[in-house]
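Notes follow the structure.
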Protein chains: 2
Amino acid sequence: MPTSKQPPRRGPARGTAARQASLREHNLSLVLGHVLDADAPVSRADLAAATGLTRATVSALVDLLVESRVLAEGEPVQTGTAGRPAVPLTPARGTLAGLGLEVNVDYLGVRAVDLAGDVLADVVVPGDHHASDPAVVLADLAARAADVAHDLEARGVDVVGASLALPGLVDPSADRLRVAPNLGWADVDLSALREVAPFDRLGLTVTNEANLAAVAEWRARRRALPSFLYVSGEVGIGGALVHEHAVFGGVRGWSGELGHTTVEPDGPLCACGAHGCLEAYAGKDALMIAAGLDRLGPLVDLCARADEGDAPALAALARGGWALGVALASFVNLTDVAHIVLGGIYGPLEPYLRAHVAAELEARVLTAPREDLVVEPSLAGAEAAMTGGAVEVLRGLAADPSSRLPA
Amino acid sequence: MPTSKQPPRRGPARGTAARQASLREHNLSLVLGHVLDADAPVSRADLAAATGLTRATVSALVDLLVESRVLAEGEPVQTGTAGRPAVPLTPARGTLAGLGLEVNVDYLGVRAVDLAGDVLADVVVPGDHHASDPAVVLADLAARAADVAHDLEARGVDVVGASLALPGLVDPSADRLRVAPNLGWADVDLSALREVAPFDRLGLTVTNEANLAAVAEWRARRRALPSFLYVSGEVGIGGALVHEHAVFGGVRGWSGELGHTTVEPDGPLCACGAHGCLEAYAGKDALMIAAGLDRLGPLVDLCARADEGDAPALAALARGGWALGVALASFVNLTDVAHIVLGGIYGPLEPYLRAHVAAELEARVLTAPREDLVVEPSLAGAEAAMTGGAVEVLRGLAADPSSRLPA
DNA sequence: CGAGATTTGTATTGTGGATGAACTTATCGC
DNA sequence: GCGATAAGTTCATCCACAATACAAATCTCG
């Protein structure tokens with residue numbers, strides 16, 4: 001999880017001493033998790049059966065969660081069966097919200113999501129941030145975030161945290177953005193941002209855009225897909241592996257540079273200085289240029305050309321799809337992931353890429369003859385990373401609801 | 001961890017209800033972990049300071065662990081400082097042992113290791129298991145394991161479990177070996193093996209050889225390297241990523257087929273049916289044949305030729321090292337791992353491969369200009385997977401020492 | 001329509017494990 | 001030998017969950 005950071009320890013026996021209060025924390029999180037994951041409202045009795053706790057214990061925990069506005073009680077409904085009707089419990093609406101922020105090449109924005117999944121605020125500001133000044137852009141973003149937080153709090157919503165998505169390599173330990181090629185940013189110190197309102201109150205975590213988009217995808221699939229690879233196609237190509245409902249964040253906290261998987265060692269020169277990287281075949285710039293279009297033009301131009309049967313466009317997509325398939329096949333052999341979600345520009349392009357990707361996967365994945373490998377376009381919607389950031393904040397809350405309990 | 005298997009759940013709130021006994025389990029494991037990780041014997045007071053538990057609680061926990069022969073108390077030593085001398089606590093020697101088993105192409109064996117790291121029994125039987133009959137080989141292995149377990153128990157050693165390493169894709173959910181190309185095994189049902197002595201008593205987990213070798217490497221480095229990539233070079237090439245002291249086991253429990261990373265999409269045909277896989281450049285067979293040697297010959301032949309300056313041998317190693325570097329660069333870009341350990345045949349070959357690997361990493365790894373990336377030969381010793389299997393059994397014990405408490 | 005059955009949720013008492021303070025044990029320094 | 005110091009133990013207390021009993025709300029059936 002991008003949010004959790006433990007101090008480094010020498011051995012495998014991580015963690016800290018467990019005391020009585022730890023039981024509370026664990027069981028609060030357990031109960032809350034069951035309510036959040038459920039498709040329909042559940043009762044205290046349901047929770048007791050599902051968790052193995054007694055009804056008395058569940059009641060005590062639920063009362064705490066209701067009091068702290070995390071859960072809401074509905075009106076009892078007659079189900080037609082014998083017995084006292086159950087009180088339905090649901091995630092509270094409009095009480096607590098996570099803030100998801102994003103700076104990307106062509107927009108910035110702020111989105112607030114509550115525990116029920118409702119979007120309480122949504123600000124998306126188009127703009128060209130190519131070669132922009134980080135200080136200016138981030139100050140603009142902070143001001144808009146402060147406005148949103150202020151409005152929400154006036155409406156009685158507690159904002160519990162904020163998460164910023166950036167299209168680049170983030171180093172959480174050094175608290176800086178290492179490099180975001182498409183913004184033209186490098187070595188941006190992020191610690192100063194945490195001193196600025198509203199982040200001085202809310203806190204702020206900064207994460208790679210693909211990782212947070214993957215969280216949004218996970219939620220969009222109703223938390224039902226435990227493991228998948230999210231591929232974020234933009235100018236660069238990011239990947240985020242979700243494994244057992246957790247984003248695998250790379251060894252040092254940043255990762256997923258799928259775009260710099262080598263496809264052909266002596267292939268075209270990539271912006272990174274190496275030859276034959278996936279990005280040089282299947283990044284947005286590479287596709288647009290190969291199709292004879294403006295590098296900065298809208299993606300729909302490429303789709304339109306392809307629909308017309310334009311030969312250069314089709315060739316660009318075939319080559320991009322082929323390269324993507326080669327890179328994904330290696331990735332699948334390494335991780336055995338069985339589900340691949342194509343996001344970013346690959347969402348709309350999926351119909352054009354599909355066959356080319358599938359052919360390489362079929363030829364190169366070891367388990368292809370025996371196992372199903374699903375490749376699908378993303379369901380996470382527009383500005384997925386903004387949604388994912390907000391969801392990630394709420395996931396942090398769900399992992400430790402005791403932090404929100406009234407004193 | 002290969003040993004732990006939870007039932008699949010829908011959401012992120014994994015785990016089960018925490019009750020009072022959970023505190024004991026957690027804190028027992030915490031205390032034990034500190035003793036196992038320590039470089040020197042520690043006292044109860046040290047443990048209290050390190051864990052945050054009170055001395056009273058630590059004492060109670062340690063007494064349980066001593067009683068169940070997991071920890072041993074030494075004689076108090078005068079340290080020269082004031083105060084009552086501390087009782088040094090160490091992992092018990094010769095009381096509990098894990099059994100590590102392995103079937104590989106040219107040998108099979110059984111190794112027993114205790115909590116102190118001593119090898120209590122070691123049986124390695126050379127033999128050619130190319131195209132062998134799984135039933136015959138596994139029956140042979142079981143008989144030798146039973147002998148070892150019997151001898152140990154006659155010496156008062158409790159054997160707490162067994163772990164089998166196989167050079168292939170293991171599917172723990174279906175309880176079968178899917179395929180082990182170099183043994184010529186495919187779709188071997190492993191559940192029957194669990195009914196045979198001694199595994200009917202000891203239990204048995206089956207894991208990919210590279211994953212267990214990585215565990216051995218982790219221990220050989222004194223548990224001090226939390227994250228690294230272990231590369232197992234044999235006829236095939238496996239990889240195991242250790243992340244925060246845990247083996248990343250792949251999404252479905254098997255993984256790490258580094259050997260089938262595509263190096264050149266139109267490269268030489270690989271045994272898997274695809275073209276240009278790493279294995280076709282840098283697998284043992286590929287190297288030997290390219291050097292003009294017998295595919296099945298000993299590795300020292302290749303080293304000898306290289307030492308003589310034999311041109312085909314040097315060319316084979318250059319090409320293999322180049323391909324390995326290309327594949328590892330993609331892997332590093334995906335995971336940001338900062339430490340690569342070369343095991344199997346790459347241990348002895350490391351001096352010959354080093355420069356070629358490093359050149360490609362330097363050219364292709366995004367963070368190469370800024371970050372140190374260490375590539376080293378393995379320290380885990382011969383038959384690393386056998387050691388790793390035994391260690392893994394003991395790690396399972398350390399994670400839940402309450403299971404060994406006397407009733 | 002009323003008595004029993006059934007299920008939900010609450011109140012009460014008991015238990016296990018950690019805490020914290022006081023106590024005992026063993027050594028050092030003077 | 002005596003105080004200081006540190007390790008380890010004893011014991012009363014607290015806290016969270018378990019178990020049991022009970023109250024509340026609905027259905028079923030005579």
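In what follows, chains carry the letters A, B, and so on, assigned in the order in which the sequence lines appear, proteins first and then strands, with residues in each chain numbered from 1.
- The distance between atom CD of A:Glu25 and atom P of D:dC17, rounded to the nearest whole Å, is 11 Å.
- Less than 4.0 Å separates DNA chain C from no heavy atom of any residue of residues 61-75 of chain B.
- Residue B:Thr57 is in base contact, counting any heavy-atom pair closer than 4.0 Å across all strands shown.
- Side-chain contact between A:Val242 and A:Ser227 is absent, with no heavy-atom pair separated by less than 4.5 Å.
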Review point. When every nucleotide of nucleotides 20-30 of chain D is labelled 5' to 3' by its protein contacts under 4.0 Å (heavy atoms), B for base, S for sugar-phosphate only, - for none, what sequence of letters results?
Key: ----BBBS---
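- Annotation: of the two residues near DNA chain C, A:Ala45 and A:Gln20, the 5′-most nearest-nucleotide partner is A:Ala45.
- Residue A:Asn27 has no polar side-chain atom (N or O) positioned under 4.0 Å from OP1 or OP2 of D:dA16.
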Practice item. Given side-chain contact (heavy atoms from CB on, under 4.5 Å), test B:Leu53 with B:Val31 step by step and report yes or no. Key: CA-CA 9 Å; B:Leu53 296 164; B:Val31 165; 4.1 Å; yes
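- If you check every strand for non-hydrogen atoms under 4.0 Å, A:Val87 touches sugar and phosphate atoms only.
- OP1 or OP2 of C:dT19 sits under 4.0 Å from a side-chain N or O of A:Arg19.
- Rounded to whole angstrom, the span from the CG atom of A:Leu47 across to the P atom of D:dC17 amounts to 14 Å.
- Per the geometry, NE2 belonging to B:His26 stands 10 Å off P belonging to C:dA18, to the nearest Å.
- Between D:dC15 and A:Arg24, no contact under 4.0 Å exists linking OP1 or OP2 to a side-chain N or O.
- Taking atom CG of A:Leu28 as the reference point, atom P of D:dA16 lies 10 Å away to the nearest angstrom.
- In this structure, B:Arg44 places its CZ atom 15 Å from C1' of D:dT10, rounding to the nearest Å.
- Exactly one residue among B:Arg219, B:Arg222, B:Arg223 makes a salt bridge (Lys or Arg N to Asp or Glu O under 4.0 Å) with B:Asp37. That residue is B:Arg223.
- Contact of the A:Thr90 side chain with the A:Leu71 side chain is not registered, since no non-hydrogen atoms from C-beta on lie closer than 4.5 Å.
- Using a 3.5 Å distance cut-off with no hydrogens or angles, the side chains of A:Thr387 and A:Arg111 do pair a donor with an acceptor.
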**Study point:** Pair B:Asp63-B:Arg44, salt bridge (Lys or Arg N to Asp or Glu O under 4.0 Å): steps then yes or no
**Key:** CA-CA 10 Å; B:Asp63 289 350; B:Arg44 290 168 171 80; 3.1 Å; yes
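- Each of A:Leu47, A:Leu65, A:Val58, A:Asp46 was scored for a side-chain contact (heavy atoms from CB on, under 4.5 Å) with A:Leu89, with one residue passing: A:Leu47.
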Exercise for review: Begin from the C-alpha positions of A:Phe248 and B:His243 and carry the test ring-ring contact (aromatic ring centres under 6.0 Å, His included) through to its verdict.
Suggested key: CA-CA 10 Å; A:Phe248 182 76; B:His243 179 41; 5.1 Å; yes
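- Nucleic acid contact for B:Ala18: sugar-phosphate only, since backbone atoms but no base atoms lie under 4.0 Å from a heavy atom of the residue.
- In this structure, the separation between OG1 on B:Thr57 and CG on B:Leu61 is 6.5 Å, given to the nearest 0.5 Å.
- Distances shorter than 4.0 Å separate some side-chain N or O of B:Ser59 from OP1 or OP2 on D:dT9.
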